[in-house]
Participant: 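This is the structure I have questions about; it appears just below.
Fair warning: this is a prediction, and the values are worked out from it, not measured in the lab. Proteins get letters first, then strands, A, B, ... in listed order; numbering begins at 1 in each.
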Number of protein chains: 2
Amino acid sequence: MELDERKKKILKAVIANYLETGEPVGSRTISKYTDLDLNLSSATIRNEMADLEELGYIVSPHTSAGRVPTDKGYRFYVDNLMEEKEEIEEVKSSLLERVDRMELMLKQVAKVLAYNTNYATMVTAPNYRKTVKFIQLSQVDLDNLLAVIVVEGNIIKNQMIPVNVPLDNEDVLKFNILLNTFLQGAALEDINLEMIQAMKKQAGEYEVILDQIFQGIVEAIHEANELEIYTSGATNILKYPELGDISKTSELLETFENKNELSHLLEKSINSESEEGIQVYIGDETPVQNMKDCSLVTATYKMPEGATGTIGIIGPKRMDYKKVVSTLKNLTIELDDIFKKGKGENTDGN
Amino acid sequence: MELDERKKKILKAVIANYLETGEPVGSRTISKYTDLDLNLSSATIRNEMADLEELGYIVSPHTSAGRVPTDKGYRFYVDNLMEEKEEIEEVKSSLLERVDRMELMLKQVAKVLAYNTNYATMVTAPNYRKTVKFIQLSQVDLDNLLAVIVVEGNIIKNQMIPVNVPLDNEDVLKFNILLNTFLQGAALEDINLEMIQAMKKQAGEYEVILDQIFQGIVEAIHEANELEIYTSGATNILKYPELGDISKTSELLETFENKNELSHLLEKSINSESEEGIQVYIGDETPVQNMKDCSLVTATYKMPEGATGTIGIIGPKRMDYKKVVSTLKNLTIELDDIFKKGKGENTDGN
DNA sequence: AGTTAGCACTCGAACTTGGTGAGTGCTAAT
DNA sequence: ATTAGCACTCACCAAGTTCGAGTGCTAACT
C-alpha cells in the first residue's frame with residue numbers, strides 16, 4: 001500500500017519530532033506541529049498513526065506512549081521524505097588547509113567532522129592501486145640499512161634492516177640498481193616469490209644479505225597494503241542516552257579502539273557495494289554487527305588518480321540524517337577540490 | 001597518631017576485602033576473615049574501625065553500611081601494608097617477540113597489558129635526546145624531493161618536499177652534502193635560525209629551494225620531538241560500575257582519545273618527578289584532572305642509550321595494586337632485557 | 001465520507017508505605 | 001581489654017497508589 005500524501009506528512013512530522021527529542025511523540029504534538037500545515041485534530045492524527053503503525057513505519061513502545069519510528073520508518077524518511085539542507089554546512093575549512101601530509105589531513109577530517117556533528121567518525125585512507133614509485137636503500141650506520149619505499153599516492157614506508165656484514169658504498173649502489181630494475185613500477189601484488197628468486201640469482205654472492213633486505217621490504221609492503229583507518233569522537237556515542245546500555249555500547253567502543261577489526265569489516269562490505277556517493281545504513285542494515293543499534297552514513301571521496309576512500313559517521317538511529325548527509329556531501333566536494341589542487345603532491349604516510 | 005599493629009591489620013583486611021568485592025565491608029566480615037589471624041569479635045573490630053574512621057583511613061558511606069577506604073587509606077596500604085606478589089605474573093612474552101619496530105612494539109605492550117590487567121593502559125615512546133644520525137634527500141619524481149631523517153634511537157621521519165624547479169642529480173648531491181655537513185650529529189634543539197642562515201649562505205643560487213627544503217625538515221624535526229603515546233583498553237574503564245557515572249567517565253575517555261592532551265599532561269608531571277621506578281597516584285594525587293576518581297600506576301623503562309619512557313595503568317581506585325605493581329615491575333625488567341639484546345637496532349618510528 | 005469532540009481506558013513513571021536485614025554505636029558483663 | 005547484647009539507622013526491595021500522557025473508539029458534526 002502506497003502512503004498517501006497526508007500519511008507521508010505525518011510520518012515526516014513524527015520522525016522530525018523524534019529526531020529532536022528522542023522521546024516517543026504523541027498525536028497532540030503532531031496536531032500542534034505547524035511546519036507542514038497539517039491542521040488536523042489529534043483524533044485524526046491518531047487514526048492515521050494507527051495506520052502507519054499497522055504498516056510498520058512506526059511503533060509505540062507501550063500502550064499509552066507516543067510513537068517511535070521503526071527502521072523501516074527511518075528508511076522511508078531517508079529515501080523519500082528528507083529534503084536535504086540548502087544552506088551549506090560549512091566545514092571549517094581553515095582546519096583543512098594543511099594538506100601537506102595525507103595522514104594528518106585525514107585524521108584532521110575525522111576530528112573536525114566528529115566535532116561538528118557530535119557523532120563518531122571514521123575515515124579510511126584512499127585505496128590506491130599501489131605501485132612502487134621509488135625504492136632506495138641507504139646505509140644509516142654500521143649495522144643498519146634503511147629501506148625507503150614510496151608507493152603511488154606518495155605513501156612512504158620505512159624499514160630498518162639489520163645487516164651483520166659490513167657493506168661499502170658500491171654494494172649499496174648495486175643493491176639499489178637491482179631493486180629498482182625489478183621493482184619500480186611494479187604493483188605491490190605482483191611482487192611474488194618468482195620475482196624474488198630472479199633477483200636473488202642476480203645478487204650472486206650477496207644472496208644472504210638480500211634475503212634480509214627482502215624480508216624487510218616485504219614487511220613494509222605488506223603494511224602499505226593494510227587499509228589505514230582513522231577514527232575520532234568515539235566517545236560522542238555516550239552522549240545519547242538511548243545507547244546508554246553500557247554493556248552494548250562498550251562493545252561498540254571497543255570495536256572503535258580496534259581499528260583493524262573495523263577496517264576489515266568496512267572493507268568487506270562497503271567496497272563491495274559498487275555504488276558511490278552517500279550511503280545510509282540504518283540499524284540492522286549496518287555491515288558491522290556491533291552497530292546494530294546505530295546508524296551509519298558513509299560517503300566516498302575520490303583522488304584524481306582514481307583511488308577512493310570512505311568517510312563514515314556513526315550515530316544513534318535518530319541522528320540528524322539531513323545534516324549528516326549534507327555535511328558529508330559538502331565535505332567530499334571540498335576534499336575532491338583540495339586533492340585536485342594539491343594533485344597528490346606533498347603527501348605522506350606513516 | 002601511629003597506627004598500632006592491630007589497626008594496621010584491620011585496615012589491611014578492610015582494603016583487601018574492598019578490592020575484591022567493591023562493596024562496603026562490615027565488622028562481621030572482618031571478624032570472620034581468617035587470613036590475618038585476628039580472631040576478634042565483630043564488636044572489637046567495630047571499635048577499631050571507628051578509630052580508623054576518625055583518623056581518616058576509612059569512611060562509611062551511610063550509617064548502616066560497612067566501611068570503604070579513603071584515598072588516605074589506599075595510600076597507607078600502598079606505602080606500608082601491601083607486600084608484593086611473589087609469583088611472577090608472566091606477561092605473555094610471546095606477544096612481545098617482534099621487537100623489530102619500536103612503534104609496533106610499544107603498541108603491543110599497551111595492548112597486552114590492557115588485556116592482562118583489564119585496566120586502561122598507556123605507553124610513551126622513549127624520550128631520546130634526539131640527535132640527527134642520518135639525513136638524506138632523494139628525488140622521488142619530477143615535482144618532489146623526499147627528505148629522510150633518522151634520529152638517535154632509529155626513529156625515522158619522512159617529508160615530501162615539493163619543488164617547482166627541476167633539479168638534476170648533482171644538485172641533489174650538493175644539497176645532501178650541505179645538509180650532512182651541518183646537521184649530522186646535531187641535537188634537534190640546536191637546529192636554529194643561525195644555523196639555517198649559515199647554510200643558506202652556502203647554498204647560493206638555490207636559496208629558494210633550500211627554503212622549501214628547510215620548511216619540510218623543520219616540520220619533520222618538530223614532529224620527531226613530539227612525545228609519542230600509545231594507549232589501549234580505554235573501554236575497560238567502563239567495566240567498573242563505581243565509575244559508571246557516564247558524564248564523568250566519558251570525559252576520561254575523551255582524554256584518552258586525545259592523546260596529545262594526555263601526553264602533555266603526563267610529560268609535565270611525571271617527567272618532573274625525578275624518581276624512577278614505580279609510582280602510584282591515588283585519586284586526587286593524579287596529574288590528570290579527569291582521572292581523579294581513578295588511580296594511576298606508572299613505571300619507567302630504560303633504553304640502553306639512556307632514554308626513558310613511561311608505562312601507565314589507569315584503573316578504579318580499588319584496583320589490584322599488588323598485581324599491577326608486580327606486573328609493571330616484571331614488564332620493565334623484561335623490556336630492559338629485550339632492549340639490551342636488541343640494542344636499539346631494528347627499530348622504527350612513524 | 002471525512003473530521004472532530006468526548007470519554008473510558010491503559011500503562012509507565014514517580015511517589016508512598018512498610019518490612020527486612022546488614023551494620024552500627026553504646027552499655028554492661030566478663 | 002574484650003565481648004555479648006540490644007536498640008537504632010538506613011539502604012533496599014516489593015507492593016500499593018496516584019498521576020498524566022496518550023491511546024482507541026464512538027457519536028456527532030460538516
Participant: Step by step, would you call Y119(A) with Y240(A) a ring-ring contact (aromatic ring centres under 6.0 Å, His included)?
Facilitator: CA-CA 10 Å; Y119(A) 301 123; Y240(A) 300 93; 5.7 Å; yes
Participant: Whole-Å distance between dC10(D) P and E23(B) CD?
Facilitator: 19 Å
Participant: Between E20(B) and R318(B) (salt bridge meaning N to carboxylate O under 4.0 Å), is one present in this structure?
Facilitator: no
Participant: Quick check: do V297(B) and Q279(B) have side-chain heavy atoms less than 4.5 Å from each other?
Facilitator: no
Participant: Starting at the 5' end of DNA chain D, which residue's closest nucleotide do you reach first, R28(A) or P61(B)?
Facilitator: P61(B)
Participant: If you compare every side-chain N and O of T44(A) against the phosphate oxygens of dT4(C) (OP1, OP2), does one of them come in below 4.0 Å?
Facilitator: yes
Participant: Find the distance K7(A):NZ to dG2(C):P and express it as a whole number of Å.
Facilitator: 10 Å
Participant: Are any of the side-chain nitrogens in D293(A) or K317(A) under 4.0 Å away from the carboxylate oxygens of its partner?
Facilitator: no
Participant: State whether R67(A) places a side-chain N or O below 4.0 Å from either non-bridging phosphate oxygen (OP1 or OP2) of dT23(D).
Facilitator: yes
Participant: Under 3.5 Å, is there an N or O donor on one side and an acceptor on the other linking the side chain of T63(B) and the base of dC10(D)?
Facilitator: no
Participant: May I have the distance from L52(A) (atom CG) to dT23(D) (atom C1'), rounded to whole angstrom?
Facilitator: 15 Å
Participant: Tell me: CG of N47(B) to C1' of dG23(C), nearest whole Å?
Facilitator: 14 Å
Participant: Starting at atom CD1 of I45(A), determine the distance to atom P of dG22(D), rounded to an integer number of angstrom.
Facilitator: 13 Å
Participant: Can you check the R46(A) CZ to dG24(D) C1' distance for me, whole Å?
Facilitator: 8 Å
Participant: Identify, between A43(A) and N39(B), the residue whose nearest nucleotide on DNA chain D lies closer to the 5' end.
Facilitator: N39(B)
Participant: Taking 4.0 Å as the cut-off, does a side-chain nitrogen or oxygen of S64(A) come that near to OP1 or OP2 on dC11(C)?
Facilitator: no
Participant: Determine, for K8(B) against D4(B), whether the closest basic-nitrogen to carboxylate-oxygen distance falls under 4.0 angstrom.
Facilitator: no
Participant: Could you tell me how far apart N17(B) (CG) and dG23(C) (P) are, to the nearest whole angstrom?
Facilitator: 11 Å
Participant: In whole Å, I'd like the distance from the CZ atom of R6(A) to the P atom of dA1(C).
Facilitator: 15 Å
Participant: From dT4(C), dT23(D), dG25(C), pick the nucleotide closest to the side chain of A50(B)?
Facilitator: dG25(C)
